[in-house]
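These notes concern the structure reproduced below.
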Amino acid sequence: MRDNQEHDIRYFRETKKGDSDMCKSVTRRFLLVLAISLMVCAITALPACTGAAPAPATPSTPAAPKFKGEITLPVVLDMTGPNSPNVVPLLPSFKDLAAYWNDELGGIGGYHVNVKYYDDKYDQAVVLSLYKEIVAGGAQFATFVASTPATTLKSAVNRDKVVVLAWANTDGAYLGAGETNNYGFLACPPYADIFATYVDFVASGLWPKTGKSGKPIIGGFNMDNSAGRQADKGVKLQCDARGLTYVPTFFKPGSAEHTSQILALKQAGVDYVTGIQLGSDTLVFFKDCARLDYKPVVGFHAAHDTVLMKAGYATGTWNYYVSGGADSKGYTIMKKYHDMHDPGQPMSAMYQAGFIYNVPMHVGLDRAIKRVGLDKLTGTAIKEDLEKIRMEDLTDGLCYKYNYTTTDHRSPFGVKWAKMLDAQGTLEWGNWVAFPERTGEQITTEFWKK
Amino acid sequence: MVQFTQLLMTGIAIGTVYGIIALGLVLIYKSSGVLNVAQGEILMLGAFVCYFFSEQLGLPFYLAFILTIGFAIILGIVIERVLLRPMIGQPLLGVILMTIGLMLILKSIATMIWGSLPLAYPRYLPENMIRFGGVALAPDYLYGTLISLGLFVVFMLYFRYTRSGIAMRAVADDQTAAQSMGVNISRVFSTAWAFSCLVAAVGGIVLGTITSVSLEMSTNGLKAWPAVIIGGMESVPGSILGGLLIGMLEGLAGGYLDPYLSGIKDVFPFFLLLIILFIRPYGLFGLKRIERI
Amino acid sequence: MRLPCGTYNESYAQDTAIVRTRVQWALTIGALLVAVSFPLWLSNYGMHLVNMIAIYILSAIGLNILVGYAGQISLAHAAFMAVGAYTSGILNAKLGVPFIFSVFCGGLMAGGLGVVFGFPALRIKGFYLILSTMAAHFIIMYVIQHWTSLTGGVHGQSLPPTTIGPLQLTSEQAFYPVLLLFLLAGMLFALNLTRSRTGRALIAIRDNDLAAEVMGISMSRYKLIAFFIGCFYAGIAGALLGHWSGSLIPDLFNLMSGMWFLAYILIGGMGSNLGPFLGVPLMVLVAQWLRRLVTDLAMIYPALINVIMPAHDLIYGVLIVIFLIWEPRGLAHRWHIFKVSYRLWPFSY
């Protein structure tokens, strides 16, 4: 190979220069390396120095005296990578929730809350490292805004007794048969549950209204990953139970066209398409549907992206919301904090989800700190307090009730479906739909295979 | 039958985009022997820059298109000068790693400037479908295909009739011989990169019109690899044929194989690639190199 | 290999010894002492990094044999790691095969598959080989992701705690000795392999395969041997990675991580056994440090978080580019030049 011959040539060129000359150049290089490493040290020291400056500034806020100290909530999310379109809109929501606790609830157990974001780059190796880093920093708790970490970290968190609140939609997050000791909690309901409720909603609510005879045909348009497979499973389970036809299709995120999937749905005469698509794929789906003259009713996740709304594609789509109490006290609070930074802008579904999903972490920490104190706070204490939550409204009516037991960590226990009426984001709300009674084990692939 | 034709039409439209990405790869490989991993990212950046000109600056779309092409040419020259020139004569893997570095840089710059939410171009094409019998063809597919095919014709003519095109072919054939005949190799390299980026940017705009402008677009860069191999690494017409073939087979695999093997659509081109490499190790249109010691 | 002043080969044993001079002995013993003492003074998080680096080095050694010595560029390294991880994890978790034995099974499985996917290498090379390995990556990962009944599919699965006999390897500190032993064994094997007939045959194939064949080296045999050994290492490293992280997740083995292994050996120095030991720690620690920098900066300037977080990749990419322009042949080459120039220090000619 050519390049290896070059290798030899270059090697001779470098050593031919003469050793004294070589020495000099190496010394120069050494000095250069020294200079670079000094610079690197300086840059490393920079955040430490600047970090010292704002630190005293935080206690000097008006509310400072009433806090006993500071507590940091680590939040790990996909700031970059293929999942980022989904995650970036909810960044302010964690801070807003923390601000609400600091302003009006006296912080968590009397401590001022700070949110610290970590970027896992959609890489499970990074997730592991970040988890270790967070635990090494002394935290007994962390939020992971993605599905896969729940499986990646399951054995580690149960071993280290660290409470992890994960936005998990993967089998690894649910308990297998006989497992009772689980430090992983679900922040959002599994897609299997959510989309199963959509089938119910269609069969009992939407379909009778159309006045058509027969039974509706349900289709699936899901990502070929753990989240998509999860949604698919729930719909299939519920369609089997109700005797409905189900036509599943899958796609790879970021594909340029979904023609074959849409043709399959169209030819099967699917009336209602369910599915979870994040990022750009919803837009491509709608564009391809328009190209193929196909207009199904869809029940999607994150279908109300601003892009979709602006391009006029989102109208007429159903989308689930965990937050649905538009007339509740919790909603007013969320709106107040949202309008502080984005006045007049519609609250995206992701923002609302973010405001809700971290609530159990705040509540669990708050109760555990009040019970045992911050010095004696352990993951086990937080876990015990979280597992005492029984059908409890933690969000002032903003979302459905929470229910954590020792064997089931799915919550909140219901969603609302809402239809987008126009491009401004006006919604037609459905009612709260509670999830079908199932144990966590019953959603896993192994159980479902039988 | 309608399903078959529809899948084929979409396959052709998307296939030309793959062909365009493949053409960009072939242009660089032919002249400088560099394997550019970052082609998908250049495509993505082209789409974002066009979005910037047309939507954020509010320029008319044709103007945005021309400005994007200008930007792409400059980008290509800069990349070649800053990143690839120092790597001449270095091992193949080093050059690949250089383009991996480029990939990281371009993607993070796009994320920093435009964020990670998907964006959409203003609707600049007519909306109504063009119909042939039972098959509907979207105008954006049709225009995209026409633009891509036009680009291919231009490049075929360029390599055949212009002086610099012939120089580029000479460099591809034998660098030393070309140099001794007075061909300015470094200029050929920069031209190749400029053209490659231009082609990628056009591909990005076409793809952005068909789908949306998002960071995920860069994954389509991977699809071009099987197209390149099927067409043969050295052949310009091969790259378009390879792209078309991949696009169509992908569509058909999605339509007919997917019900049995779910998710096969995106892996199918790679199965095909392995099979072709077993039968014809230098691609369908590539040159079989005779090696001497 | 030129020897330093005053060092002569007086016996065959001396000629073939890996560690020759007093300085080398000192360095070897020093490095071993430092490596053994890690659990004593490193924090839990530090041990996590050390373990991760050890696994990556083991994998990179395999890739170095395949790419650096035999010249067969493979993008499918992550997929072969996945094969090892899944084979070992499933054998261990479902069939109860003992840990060490299942790890070797993982290695053998990956090596065997490596031979299968190495077959195209007999006819093709260069870009065509790179792309056939890329196809291999996608096909292997497709099978792993869709063979749900065995692998857990896209959801992955978590593994029971690793045990060796009565010992439970639950903490980073407990896992470290196992990894260290595997790493040392892998390192010794690689060192000896590259000095043997096989290693020289591989180098000959890398430098000019036609010439090598004319000289009587069976190209097909040695190319397949290289694929087997490289993928065997990947399988072992992948199996250890699976047991160490306690889960089998397809996302852990994507195309990009395969590319990063190429980056590790290139930055470290291709075709040098020292390479992986320099490249992996450097790149892993720089990435780690950058991540911490970005996280802290985002804490200080919360308004700029959308710009600061992606800056990680920007800086990392720029560092790679600068490094490649500065030293395209890797740190091992730099170290070699350093040794050559200081051989007579302080008395220069």
Side-chain angles (χ1 to χ4, degrees), chain A residues 1-4 6-7 9-10 78-89 222 224-225 228-229 232 247-264 266-267 278-288 290-293 305-308 310-313 348, chain B residues 2-3 6-7 9-11 13-14 17-18 33 89-95 107-108 111 115-123 127 129 136-141 207 209-220 222-223 247 250-259 262-263 265-267:
Chain A
M1 265 162 87
R2 197 187 68 214
D3 41 75
N4 290 309
E6 297 272 349
H7 187 286
I9 295 166
R10 159 135 178 176
D78 307 321
M79 286 288 299
T80 53
N83 196 24
S84 55
N86 198 19
V87 164
V88 169
N222 285 303
D224 193 5
N225 62 15
R229 293 275 168 192
D232 167 67
V247 185
T249 60
F250 293 95
F251 67 91
K252 199 170 184 181
S255 294
E257 46 91 20
H258 301 308
T259 310
S260 59
Q261 288 93 334
I262 293 168
L263 275 178
K266 189 185 173 188
Q267 281 171 355
L278 308 163
S280 58
D281 294 290
T282 325
L283 189 62
V284 181
F285 174 84
F286 284 119
K287 279 191 170 182
D288 276 347
R291 286 179 193 127
L292 295 168
D293 277 335
D305 279 346
T306 41
V307 189
L308 280 172
K310 220 162 65 180
Y313 287 112
S348 72
Chain B
V2 173
Q3 186 195 11
Q6 195 79 59
L7 286 172
M9 300 275 251
T10 316
I14 299 296
V17 176
Y18 293 160
Q90 296 302 346
L92 178 70
L93 202 55
V95 184
K107 200 157 190 170
S108 52
T111 321
S116 41
L117 287 174
L119 308 164
Y121 286 138
R123 294 181 182 183
E127 287 282 298
M129 302 297 238
L137 187 62
D140 41 4
Y141 278 5
L207 195 63
T209 312
I210 293 177
T211 61
S212 67
V213 184
S214 69
L215 296 172
E216 287 293 283
M217 284 170 93
S218 55
T219 51
N220 287 297
L222 284 183
K223 297 278 181 58
E250 199 185 52
L252 294 178
Y256 295 106
L257 291 181
D258 212 67
S262 84
K265 183 178 174 183
D266 294 280
V267 201

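By convention in this document, chain letters (A, B, ...) are assigned in the order of the sequence lines, proteins followed by strands, and residues within each chain are numbered from 1.
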Note to self: Holding to salt bridge (Lys or Arg N to Asp or Glu O under 4.0 Å), I want the full list of residues that pass it with B:Lys223, two or more places apart in sequence or in another chain.
What the structure shows: B:Glu250, B:Asp266
Item checked: Exercise: identify the closest heavy-atom pair between A:Pro89 and B:Leu117 -> CG-CD2, 4.0 Å
Check: Does B:Glu216 come within less than 4.0 Å of A:Lys252, counting only side-chain N to carboxylate O?
Finding: no
Margin query: What part of A:Ala256 gets within 4.5 angstrom of chain B, counting heavy atoms only: side chain, backbone, both, or neither?
Written below: both
Margin query: Out of B:Ile14, B:Leu119, B:Thr111, B:Thr219, return the one with the most heavy atom pairs under 4.5 angstrom to chain A.
Written below: B:Ile14
Note to self: Please identify, among A:Thr259, A:Asp224, A:Val87, the residue contributing the most non-hydrogen atom pairs under 4.5 Å to chain B.
What the structure shows: A:Thr259
Next item on the list: Would you please indicate if the ring centroids of A:Phe251 and A:His258 are separated by under 6.0 Å?
Entry: yes
Check: Can you check side chain to side chain contact (heavy atoms under 4.5 Å, CB included) on A:Gln261 and B:Lys265, steps first, answer last?
Finding: CA-CA 10 Å; A:Gln261 288 93 334; B:Lys265 183 178 174 183; 3.3 Å; yes
Checklist line | NZ/NE/NH1/NH2 to OD/OE distance under 4.0 Å, A:Asp232 and A:Arg229 | finding: no
Item checked: Which atoms of B:Leu207 approach chain A - backbone, side chain, both or neither, heavy atom under 4.5 Å -> side chain
Next item on the list: Using a cut-off of under 4.5 Å on heavy-atom pairs, state which of B:Gly255, B:Ser212, B:Ser218 scores highest against chain A.
Entry: B:Ser212
Notebook entry, point to check: Hey, which of B:Leu252, B:Asp140, B:Leu215, B:Val17 has the most heavy atom pairs under 4.5 Å with chain A?
Noted result: B:Asp140
Notebook entry, point to check: Between A:Lys287 and chain B, which part of the residue has a heavy atom less than 4.5 Å away: side chain, backbone, both or neither?
Noted result: side chain
Check: Relative to chain A, which segment of B:Tyr256 carries a heavy atom at a distance below 4.5 Å: side chain, backbone, both, or neither?
Finding: neither
Checklist line | Portion of A:Pro248 that has a non-hydrogen atom of chain B nearer than 4.5 angstrom | finding: neither
Checklist line | pair A:Arg291-B:Tyr141: side-chain heavy atoms closer than 4.5 Å | finding: yes
Note to self: So which residue, B:Gly115, B:Pro122, B:Gly254, ends up with the most heavy-atom pairs under 4.5 Å with chain A?
What the structure shows: B:Gly254
